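Let me begin by presenting the structure, written as C-alpha cells, before commenting on it.
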2 protein chains.
Amino acid sequence: MRMMRRKTRARNPAAGPAKLRILDAAEERFARNGFYGVSVRDITEAAGVDVALVSYHFGGKRELFAAVFQRRAQTLNAERLALLEQVRRQALPGTPAIEEIVNAFTFPLLERSARGGPGWKSYFALIAQVNNSPEWGPVLMTEHFDPLVERFIAVLREALPDCDPREIYWGYQFLTGALTLTFAETGRIDKLSGGLCRSSDLDSVHARLARYVAAGFRALCAYAKPAGVKPATGTARPRQRAAKPRSPSPSPGRRARRRTSPERRR
Amino acid sequence: MRMMRRKTRARNPAAGPAKLRILDAAEERFARNGFYGVSVRDITEAAGVDVALVSYHFGGKRELFAAVFQRRAQTLNAERLALLEQVRRQALPGTPAIEEIVNAFTFPLLERSARGGPGWKSYFALIAQVNNSPEWGPVLMTEHFDPLVERFIAVLREALPDCDPREIYWGYQFLTGALTLTFAETGRIDKLSGGLCRSSDLDSVHARLARYVAAGFRALCAYAKPAGVKPATGTARPRQRAAKPRSPSPSPGRRARRRTSPERRR
DNA sequence: CCGATTATTCAACAAATGTTGAAGTAAATT
DNA sequence: AATTTACTTCAACATTTGTTGAATAATCGG
C-alpha cells in the first residue's frame, strides 16, 4: 500500500490530491481575473484534473470560490489574534502604542504575502479584489474577518480612550483600504516612482504602514477629542484659509448635467 | 422635423441617444459585477436597446468597457488639476499644507460621488474595483490618471522638501488605497460600527481623509528625514519585541502549479 | 423629394459556459 | 475474495456568451 505513493492515477504528473490542486489553481486564477473571469475549465486544466471534479468535490463554482476564500482565513485570524493579545499583554507601562496594535493587524498578512509562497500571494491578491467589490466584499469579508476586526477595534479604542469611536472606525476603513491595495501588487507605484518603489516590496510597506496609519489615527482623534465639536466640515488644520476650494468649477452639485437623462438608475 | 421629438424609434421609452444609454447601463453593471460578471445582453436589456448596438457603436465589449472608463476621466482630471494649482498658488506664506494638497486630490472625487448623481457613483465604484485588479489596474488607471498623479506627487515633494521621495510614493499608495475602498461603498463599516458610520457618508470621509493622510505623510517623512537611516525594518517604535511570528506552516512556496500555461486569454 | 449616410433591428453563428449522470477504477472494509 | 466506498473519467446537456451580416428604418444633405 505504501509503495507507489505518487501516481495514484494516470494523470497527476507531480502533485497531491486533486481537491487541493483544484484549490491552488482556483486561488491563482480567481486572484488574477476574478470570479467571473475564470471558467471551471480554466481551473481544472491548470490543475491537470477533470472538469467534473469541481462539482464533485465542492458542489459548484461558487462553492469552490468560497472554499478558496475560507481555506486560509482561519490560519490568519488565529495568528493575528494571538499577536494582538500578546501585544496587549506585553505593553507594560500603559496601553500599547497604536503602531504595535496596527502591526499586529497587518504584519501576519504582509509576512505571509511576502514569504508564504505563491499560494499566499494569490490569496491576498484575491482579498484585495474581494474587499473592493460591492458584490463579494460585504459577504465574504464580513463572514470571515469581522470577529477579528471587532476585537482589533476594541483594542484600539482601549488605547485611545478619549477618542470618538467613529474616528476609529473611519481610521480602520482607511487602513484596510491601504492594506488591500498593497496586496493587489498592481505595479503601478513602480511606474510612478520610476522604479524607486516596487509594489512587490512588502517589507517596505511593513516598515511604513503602521507608522502612517498610527499617525492618521492620532490626527483624527486629536481633532475629535473636544466632545461637542462636530468634525464634519473643513479640511484639516485649525488655522486654515482657503482650504476648502470654491465649488469645483462646473459644480455638478446644483445645476448642470440634467438635460437628457444622464443619470437614471437602470 | 422638430415635431415628434421623443419616440424617435419604436423603443426608447424615455431616453436619449442609444450610445449614451448603453454607456450609462454599462457603467452601472460593470461597477457592480466587473467586466466578466456582466454580459452585453445584460447591458443592452437594461438600456432598452438591441444587443448588436454594442458592437456597432463601440466595436465590442472590451471597447465599451474602456469607453465607460474614459468618459468621465478627462472631466475629473481637469478639475483636480485646476484645484491643485489653485491651492498651490493661494498658499501665500510658504508652501500649502499637506492637507490642502491631498484635499485637492480627493475632494473633486468625493464631491462628485456624493452629489454627482448615480452615474458618477457607479463610476467611482468601478474605479474602486479596477484599481485593485491586477488585470485592469495597471492598464486603465495608469493610462487615465498617471499624468495627474505625477503632478500631484510633484507638489507634495515641493511641500515636503526634506523628505525622501520614496516616502511620498508610499504615502500616495496608502492614500489611493484608502480612497478607492471608500468608493466601493461596501457597507462593511456600517455593520462593524453598528450603524455609527455609514460607508455612503462621503462627507464624513471628506472631513477625515485629508487629515489622516497628511498626518501619515508627515510621520513617514519625519522618520525618513535623517539621511543615512534606512527605514526598512522594525515596526515603528524602537522598543519592540516578539513581533515576528513563527514561519507559516505548509508553505506551498517551492513546488506546485506551473504546468500548463499560466496565462491564456480565453 | 431623393440619395446617402447613419442608426437600429432581427436572426443566427460558433464557441464557451456550469453542471450532470453513467460508467469506470482504485482503495478500504468486511 | 467480495463488497462497499471514494474518487475519477467521459460524453453530453441546455444555456449563455460575444459578434456578425443582411434587412429595415430614420436622418440629413442636396
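Note that this is a predicted model, so its numbers are computed, not measured.
Atoms CZ (B/Arg21) and C1' (C/dT8) sit 13 Å apart, rounded to a whole Å. One atom, CD1 of B/Ile22, and another, C1' of D/dG18, lie 14 Å apart when rounded to the nearest Å. Nucleotide D/dA12 holds its P atom 14 Å from the CG atom of A/Asp50, rounded to whole Å. Separating the NZ atom of B/Lys19 from the P atom of D/dA26 is a distance of 21 Å, rounded to the nearest angstrom. In this structure, the CG atom of B/Asp42 is 12 Å from the C1' atom of D/dG18, given to the nearest Å. With rounding to whole Å, A/Phe35 atom CZ is found 13 Å from C/dT17 atom P. Here the C1' atom of nucleotide D/dC10 and the CD atom of A/Glu45 are 15 Å apart, to the nearest Å.
For B/Phe58, there are no ring-ring contact (aromatic ring centres under 6.0 Å, His included) partners at least two apart in sequence or on another chain. For A/His57, there are no ring-ring contact (aromatic ring centres under 6.0 Å, His included) partners two or more places apart in sequence or in a different chain. A/Arg71 pairs by the salt bridge (charged side-chain N to carboxylate O under 4.0 Å, His left out) definition with A/Asp24, A/Glu27, not counting sequence neighbours.
Put simply, the side chain of A/Asp190 gets close to the backbone of A/Ser199: a donor and an acceptor are under 3.5 Å apart. Side-chain atoms of A/Thr44 come within 3.5 Å of backbone N or O of A/Arg41 as a donor-acceptor pair.
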Report, one pair per line, the protein and nucleotides 12-14 of chain C atoms (nitrogen or oxygen only) whose separation is under 3.5 Å.
| residue | atom | partner | partner atom | Å |
| --- | --- | --- | --- | --- |
| C/dA12 | N6 | B/Arg41 | NH2 | 3.4 |

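Listed by residue number, the members of residues 52-64 of chain A with any heavy atom below 4.0 angstrom from DNA chain C are A/Ala52, A/Ser55, A/Gly60, A/Lys61.
When ring centroids are compared, B/Phe69 and B/Trp136 stay outside the 6.0 Å threshold.
Residue B/Asn131 holds its CG atom at 11.0 Å from CD of A/Gln129, rounded to the nearest 0.5 Å. B/His206 NE2 to B/Asp201 CG: the interatomic distance, rounded to the nearest 0.5 Å, is 12.0 Å. Atom-to-atom distance recorded for B/Phe35:CZ and A/Asn33:CG is 11.0 Å, nearest 0.5 angstrom. The CZ atom of A/Arg29 sits 15.0 Å away from the CZ atom of A/Phe65 when rounded to the nearest 0.5 Å.
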- line: Dot-bracket for DNA chain C, 5' to 3', Watson-Crick and G-U pairs with both distances under 3.5 Å, [ ] for crossing pairs, | for partner on another strand, reads ..||||||||||||||||||||||||||||
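Distance from the side chain of A/Ala18 is smallest for D/dT8 among the nucleotides D/dT19, D/dT8, C/dT8.
By the 4.0 Å N-to-carboxylate-O rule, B/Arg198 lies too far from B/Asp203 to be salt-bridged with it.
Using a 4.0 Å cut-off, no side-chain N or O of A/Ser39 falls inside it from OP1 or OP2 of C/dA16.
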